[in-house]
Amino acid sequence: MDAILSGRAGRAVVFDGERWLSVDLDRDAEPRRCSAGDARFLLSDARDIVRISHTSLEAVRDRLSLARDQDDALQLALFTLDGALSVETRREAVRELQRQLARPEIRGFVRDILLSHPAPAAADLAGATTLALGMLAPRVLALLGEVARGQPRIAAVWSAWRALAEQGAFGDEDERADTCAAFVRAGLFRALVMGNEVALESALARPELAFVARVREKLEAWRRAVPPDERPSKRSRYEARKVAVLEARDEPPKIKITVLDTATTVLDLLGDRIKLTESE
Amino acid sequence: MDGCGNTACGHEVPSNVERCPHCGALLEVPNVRAARQPREKDALHERYRRAREDLHTRGGSATADAFERALAGSSAVIMRSLGEIVRLTSSEDELYSTYYKLLDAGQRSLDRSWGLRRALAEEVLFHGYKQEIRFAMLTLDGRGPSKYGEYGVVLEPGMIAARATVFEENGVVFMMRHDPTFEQMSRGDVAHGHRATWDDRAMLCIAKLAPHLEAGTDPAAFPGLLLRSGASLEGEDDFVEVHVYGPITVRTIAKVVQLEPDRSDAEAIKRRAWVERLSSYGVALEVL
């Protein structure tokens, strides 16, 4: 039995060798028979397609449920970062996101996405951090802190990817998009950003990469294109930040710097004490 | 092959192009050109004439007139989950589009997996431009079958009128039912009189639904007549399919209709955020 599913649509279409079936998490207790005609309306515009081979209905249902929760969490994370939304809506998003991030597979998914691409200018990281801090939402704070601190490295990894892609290393436009999505979902971007060799190796075994040709070759080319990580260690960054803030207290003009950099400063100061930052 | 509308040119052009390859003139979009072919229009007019005649014989002319008036205000609706609507309506927003694009994949896998029937049917109906077609359903009340999604995205008629056509039913189901020969498909000799331009949609609906109209049919029954859930033999929905050429963005949307209550806290937050963000585009949420 093969299946195609979309967490965003909350729906899967299954082909068991003879019949087409649709699975809707909320609507039907049992899969509903459908046809090729139905199929294009069921998942036609979905972009977050996941394909599973040699599976069972129970496994499809489980995978679909997880995919939907993961997509919900991603959207909630984007709402927390959206400065155009009302504070009340962003608070609700923080509250629900804090609950959802308790599950490692959801936390990992959201980190995989947010650590893959430099935060766009429209992302209100400082505002989101202030909200999460006020609501004592440690998992959300940890996520935001990781995204804020990781920006220089995320930009370096992303630039290397884009440069290679423009040279045609990942195929034509469609193939490039598919490969990018597979690498993001498998956690390769995050592992490279974090400089985590163990995570990189285990990501290579992820099923998301099964449809990518010459995956190791592509990964190696990409790794070679990424400049070495010259960031100081986490501990020394923390110390440097702490000194900067303490200095700023004595010299009023420097306070402005810490305010502009709320997301990283607050988290770095608190990080080691209340373990806001989760290790890989 | 169609003819270029530029009187100084007038040469034949391939059926799938947007510009004349000879003079560069912008053409009508391919699906609209296909519906305007004389053999298409003649066949549709003939079906419509016979349907009206039948209704007249049964004393249903007034009902047909009322149905046609209602159809003049019909819209195209796309049924989607809230998550997909958030993505669709965030295409102009940097924060959302940046991260959503990272997950954009699988369309080719989807095309391969649906099998040959769909691919064949769509290649015959939209030869050379099937990837440009977005599918919707014709509706009188903003509702569609909720098995495809709990929200109805109603498209602004003015934004699609020049690039939308209507078709008798689900195109794949139509092809399976009529089972045209290879020779017919090769010649494009399929489905004449079963498609129409947006402006002629009432004509197609009368031709299709006349047998279900009676003298004294209550206009309140019209929406359910136009779009029926589980009406076909295989339990499929029966509707008039709308084919929209080209992209659909938040600016194409007239309103969104919520058919079912929120299923979770996350969904309630998504809906609330969506309403806040979309108010600037003038897109309203209607809860049924």
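Note that this is a predicted model, so its numbers are computed, not measured. Below, chains carry the letters A, B, ... as their sequence lines are ordered, and counting in each starts from 1.
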Partner chain B: residue of [options] with the largest heavy-atom pair count (under 4.5 Å):
{"options": "A:V50, A:L74, A:D72, A:L85", "value": "A:L85"}
{"options": "A:E92, A:R99, A:R95", "value": "A:E92"}
{"options": "A:A122, A:A84, A:A73, A:G7", "value": "A:A122"}
{"options": "A:D82, A:L81, A:V184", "value": "A:D82"}

Exercise. Could you tell me whether A:K218 and A:E175 make a salt bridge, using a distance below 4.0 angstrom between a side-chain N and a carboxylate O?
Key: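 Yes.
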
Quiz item: Are B:R195 and B:E168 close enough for a salt bridge, meaning some N to O gap below 4.0 Å?
Solution: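 Here B:R195 does not pair with B:E168 in a salt bridge, since their nearest N and O are not under 4.0 Å apart.
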
Side chain, backbone, both or neither: which part of [X] has a heavy atom under 4.5 Å from chain A?
{"X": "B:E267", "value": "neither"}
{"X": "B:Y100", "value": "side chain"}
{"X": "B:M137", "value": "side chain"}
{"X": "B:A268", "value": "neither"}

Quiz item: Counting heavy-atom pairs under 4.5 Å to chain A, which of B:R272, B:M79, B:R134, B:R277 comes out on top?
Solution: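 Maximum pair count with chain A is reached by B:R272.
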
Quiz item: Can you check whether A:W161 and A:F189 have ring centres sitting under 6.0 Å from each other?
Solution: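 Ring-ring flag for A:W161/A:F189: true, centres closer than 6.0 Å.
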
Practice problem: May I ask you to check whether B:F167 and B:H194 place their ring centres under 6.0 Å from each other? | Solution: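 No, ring centres 6.0 Å or more apart.
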
Quiz item: More than 12 non-hydrogen atoms from neighbouring residues, nucleotides or ligands closer than 6.0 Å to CZ on B:R177, yes or no?
Solution: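 Yes, because the 6.0 Å sphere around CZ of B:R177 holds more than 12 heavy atoms from other groups.
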
Exercise. Evaluate whether atom NE2 of B:H127 has more than 12 neighbouring non-hydrogen atoms of other residues, nucleotides or ligands under 6.0 angstrom away.
Key: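 Not more than 12 within 6.0 Å, no.
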
Side chains of residues 62-69 of chain A: which donor-acceptor partners sit under 3.5 Å, not counting sequence neighbours?
residue, atom, partner, partner atom, Å
A:R68, NH1, A:D26, OD1, 3.4
A:R68, NH1, A:D26, OD2, 2.4
A:D69, OD2, A:R103, NH1, 2.8

Quiz item: Which answer fits A:L78, side chain, backbone, both or neither, if we ask what part of it has an atom under 4.5 Å from a heavy atom of chain B?
Solution: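 For A:L78, backbone and side chain are both near chain B.
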
